[in-house]
Amino acid sequence: MAEADGATAAPRPDPDPDDVTWIESPVCQECGTSIRVYPTNYDRWVSLAMVELPAKDVPEAFRWRLTRLPTRSATPADIVAVRVRGIDPLPSEPVVPAHSMMCVPEWGEP
Ligand SMILES: [Zn+2]
């Protein structure tokens, strides 16, 4: 009956179910690569690669740039993706390629 004394009740830190501090980074559902998802300046969302590449390595249709929206508030979350067009970036100028440029589904190989 020694256990009835409570001697075995070792204090255990209760795992806090609300403490989910890790942030799941978005992953492309096609190929499983980590992506960045940003709103565009026309109410759509775009998946961008995690890296920047020189403009010469990115076809024009996939060139994006991240821009901070001019806003009166100090909210730091107002970053939008803007297509790079109309201007001709220097070949060495870094642009953010759309993820679709480098998306290779694992099961997509013929
Ligand atoms: Zn992908």
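What you are looking at is a predicted structure, and each value in this text was computed from that prediction instead of being measured. For ligands, and for the atoms within them, numbers begin at 1 and follow the listed sequence.
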Gap separating the CE atom of Met102 from the SG atom of Cys31, nearest 0.5 angstrom:
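Those atoms lie 10.0 Å apart.
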
Point-to-point distance, once rounded to the nearest 0.5 Å, from CG of Leu53 to OG of Ser92
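Rounded to the nearest 0.5 Å, the CG-OG separation comes to 12.5 Å.
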
Give every protein N, O or S atom lying under 2.8 Å from the Zn ion (ligand 1), naming each by residue and atom.
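Near the Zn ion (ligand 1), the protein supplies Cys28 SG, Cys31 SG, His99 NE2, Cys103 SG.
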
Side-chain heavy atoms under 4.5 Å apart, restricted to Ile/Leu/Val/Met/Phe/Trp/Tyr: what other residues fall into the cluster of Ile35, or is it alone?
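Traced through the cluster, Ile35 reaches Val37, Trp45.
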
Between the side chain of Arg63 and the main-chain N/O of Pro97, is any donor-acceptor distance below 3.5 Å?
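Checking the backbone N and O of Pro97 against the side chain of Arg63, no donor-acceptor pair under 3.5 Å is found.
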
Side-chain donor or acceptor of Arg36 paired with backbone N/O of Ser47 under 3.5 Å
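Checked: no pair found.
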
Pairing of Arg83 and Glu60 as salt bridge, 4.0 angstrom limit
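Salt bridge between Arg83 and Glu60, a charged N being under 4.0 Å from a carboxylate O: no.
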
